[in-house]
Amino acid sequence: MNKSILGIVLVATVAGAPASAQTKPEAKDMALVGYSDLQGRSAYQPSIQQQDGRWIAYIGHHGGTEADPKPMNSLTGKREDSGTSIVDVTDPRRPKYLSHIPGEPGLYEAGGAQMVRVCDGKTLPKADPKKTYMLRSFGNSAHEMWDVSDPARPALLTRLDGLSGTHKSWWECDTGIAYLVSGARGWRVHRMTQVYDLGDPVHPALIRDFGLVGQEPGATMEPVPTELHGPISTGPKGNRVYFGYGTDKNGIVQIVDREKLLKGAKEPTPENLLYPQVGRLDMSAFTGAHTAFPVLGVPIAQFKHEKAAIRDFVVVTDEEILNECQEPRQMVWFVDVTSEARPMVVSSWTVPEESGDFCARGGRFGTHSSNENMTPISYKRLMFFAHFNAGVRAVDIRDPYHPREAAYYIPAITPRSDQRCTKLGDKEHCTKVIQTNNVDVDDRGYIYIVDRANNGMHILKLTGAAGRITDLSK
């Protein structure tokens, strides 16, 4: 993740001047349904929850900016450190802002509450079935559990603090097991995994600490393996957890047997850390693994007369860090994990830069993240990728060996847009630009994109040929 203020980049070469601001939306087979300005806060993860007959969006935020360190909460009339927005999207054409929970004080990635997950109490095994619970990171120093049964009046339940690097966690609603991205005392990396039982969100119970061999306390391996970015679990049915390490370099995808992870010996020795591992892919020095999304049991039409016609994949999305293409392109990689012990990259996908002169538009150009909801509407059919100044991209993945773009939407900048600055040679220029940061899709098929440069949340729907791909009657 980029921790430099405003993403200012020092480079030795001079590039062309940036293109004009993104003042008009651009789209193909994707249309705008609704919009929320999110009080002008830089946004990270959206999580959409069906809750008591309503649809509620929970959105994590980065900290404020130098120009607006504590944006105004229009509901209270007070300026607040950015944290978590809660928005009623039952009618996606008219989102209704319900509440804002302040996060950790600090600017940009030094503050806020970037990550959010939500579970129903009736699904969690030891929770109050009448309640709804939210797990969020608190800046970089803690994880928090909130009662959001009334999303307009959230209440803090408990906090796990004394940590560092808290970030992109995963929570199994049916079991309560959570994989919390943390920096625990003694570990040699800023981010590793703490596995917790959050089946009773009021009484979190630590199961174990986990990471790659060489990251554990007392290890001497050099270099230290790159830190964790985030896990995704398939739960007890799939019995796998997919860990993505690294963002824009030295990426590692680790495939872990979930049952062995939970029931194996807990002491973080090299032997115990390796025990649940069933596969690992070390990526290139300039490729990260921001998001490792499993797409399993894909029937490959061209293989229908052959053995192994159904394949398993992990779709790896890197994160672009530097502005205006000042580092290797970060993109999407399709990894065949049918043979788990020997994962293999079989294809890739990216937006062609020349299709929109994106390097010159300002800000970041490249991928950041993918959707994480496995709704049947799109799972194994389409994936959605946040692509910074290239907006959101829908990619047809029915043949993961030959992924192809099906639709896209690039919003227009808004009056709240935060500028992005780049220093090229001895000259610095700044521009306001779209920075689509994260994306998810709900079980109705609506697509939610949120923006890193304070351009709010856009709610979208597929149209045309792309919409027909998600028609479950076919």
Side-chain angles (χ1 to χ4, degrees), residues 27-30 232 242 244 251 253 255 279 281 283-284 286-320 328-340 342-356 358 365-388 390-410 439 441 445 447 462-474:
K28 172 191 172 185
D29 284 353
M30 200 180 293
I232 295 179
Y242 300 88
V253 177
I255 308 172
L281 173 66
M283 307 185 78
S284 79
F286 49 82
T287 300
H290 176 285
T291 307
F293 182 79
V295 181
L296 309 177
V298 180
I300 308 299
Q302 63 173 315
F303 297 165
K304 63 182 179 181
H305 300 300
E306 305 167 23
K307 293 182 178 179
I310 297 177
R311 300 289 179 94
D312 295 331
F313 298 87
V314 173
V315 182
V316 178
T317 309
D318 309 344
E319 178 186 359
E320 192 75 30
R329 176 80 58 83
Q330 301 303 307
M331 48 200 287
V332 179
W333 303 91
F334 290 80
V335 182
D336 189 327
V337 297
T338 311
S339 175
E340 290 183 307
R342 296 183 179 183
M344 183 172 67
V345 174
V346 294
S347 63
S348 64
W349 176 85
T350 186
V351 173
E353 191 278 333
E354 63 275 11
S355 67
F358 289 108
F365 167 64
T367 51
H368 177 254
S369 62
S370 72
N371 66 282
E372 297 180 356
N373 186 4
M374 300 179 192
T375 174
I377 294 172
S378 55
Y379 189 63
K380 294 192 279 191
R381 296 175 176 226
L382 283 177
M383 282 189 67
F384 302 89
F385 299 97
H387 215 285
F388 288 120
V392 62
R393 302 285 167 147
V395 177
D396 184 342
I397 63 165
R398 288 175 293 182
D399 180 359
Y401 295 97
H402 302 92
R404 63 177 186 85
E405 184 169 278
Y408 64 82
Y409 189 89
I410 307 174
V439 56
V441 57
I447 305 149
L462 294 170
T463 61
R468 291 192 286 274
I469 293 174
T470 61
D471 184 350
L472 295 181
S473 65
K474 296 181 178 181

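Positions are given from 1, in the same order as the sequence printed here.
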Given side-chain contact (heavy atoms from CB on, under 4.5 Å), test L281 with V345 step by step and report yes or no.
CA-CA 9 Å; L281 173 66; V345 174; 4.0 Å; yes
Take I410 and F358, measure what side-chain contact (heavy atoms from CB on, under 4.5 Å) needs, and give me the verdict at the end.
CA-CA 12 Å; I410 307 174; F358 289 108; 3.9 Å; yes
Take W349 and I397 through the side-chain contact (heavy atoms from CB on, under 4.5 Å) test and state the conclusion after the steps.
CA-CA 10 Å; W349 176 85; I397 63 165; over 6 Å; no
Stepwise, does the side-chain contact (heavy atoms from CB on, under 4.5 Å) test hold for D318 with H290?
CA-CA 5 Å; D318 309 344; H290 176 285; 5.6 Å; no
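Counting only heavy atoms from C-beta outward, the side chains of I255 and P343 approach each other to under 4.5 Å.
Side chain of Y242 to main chain of V315: no donor-acceptor pair is present (N/O by atom type, distance under 3.5 Å, no hydrogens or angles). With hydrogens and angles ignored, the 3.5 Å screen pairs a side-chain donor or acceptor of R381 with a backbone N or O of D471. In this structure, S347 contributes its side chain and H402 its backbone to no donor-acceptor pair below 3.5 Å. Judged purely by atom type and a 3.5 angstrom limit, T317 has no side-chain atom pairing as donor or acceptor with the backbone of V332.
Judged as a side-chain contact (heavy atoms from CB on, under 4.5 Å), and not counting sequence neighbours, the contacts of A289 are V253, M283, V316. Annotation: salt bridge (Lys or Arg N to Asp or Glu O under 4.0 Å) contacts of E405 (sequence neighbours excluded): R393. Listed by chain and residue number, R329 satisfy the side-chain hydrogen bond (donor to acceptor under 3.5 Å, both in side chains) test with T350 (two or more places apart in sequence, or in another chain). Taking the side-chain contact (heavy atoms from CB on, under 4.5 Å) definition, one finds that A309 meets it with F303, sequence neighbours left out. Among residues two or more places apart in sequence or in another chain, the salt bridge (Lys or Arg N to Asp or Glu O under 4.0 Å) test is passed with E353 by none. For S339, there are no side-chain hydrogen bond (donor to acceptor under 3.5 Å, both in side chains) partners at least two apart in sequence or on another chain. For R398, the salt bridge (Lys or Arg N to Asp or Glu O under 4.0 Å) criterion is met by D396, not counting sequence neighbours. Looking at residues two or more places apart in sequence or on another chain, you find a side-chain contact (heavy atoms from CB on, under 4.5 Å) between K380 and V295, V298. Here T463 pairs with nothing under the side-chain hydrogen bond (donor to acceptor under 3.5 Å, both in side chains) rule; sequence neighbours left out. Contacts of A386 classified as side-chain contact (heavy atoms from CB on, under 4.5 Å), with partners at least two apart in sequence or in another chain: S369, T436, V439.
Aromatic ring centres of H368 and F385: separated by at least 6.0 Å.
The two atoms that bring F293 and M383 nearest to each other are CD2-CE, 3.5 Å, heavy atoms only. Shortest non-hydrogen contact noted between D29 and A407 is O-CB, 3.5 Å.
A side-chain hydrogen bond (donor to acceptor under 3.5 Å, both in side chains) check over residues 305-316, counting only residues at least two apart or in different chains, returns the pairs R311-D336, R311-Y401. Pairs of residues two or more places apart, or lying in two chains, never qualify as side-chain hydrogen bond (donor to acceptor under 3.5 Å, both in side chains) while including a residue from residues 291-300.
From Q330, atom CD reaches atom OG1 of T367 across 6.5 Å, with rounding to the nearest 0.5 Å.
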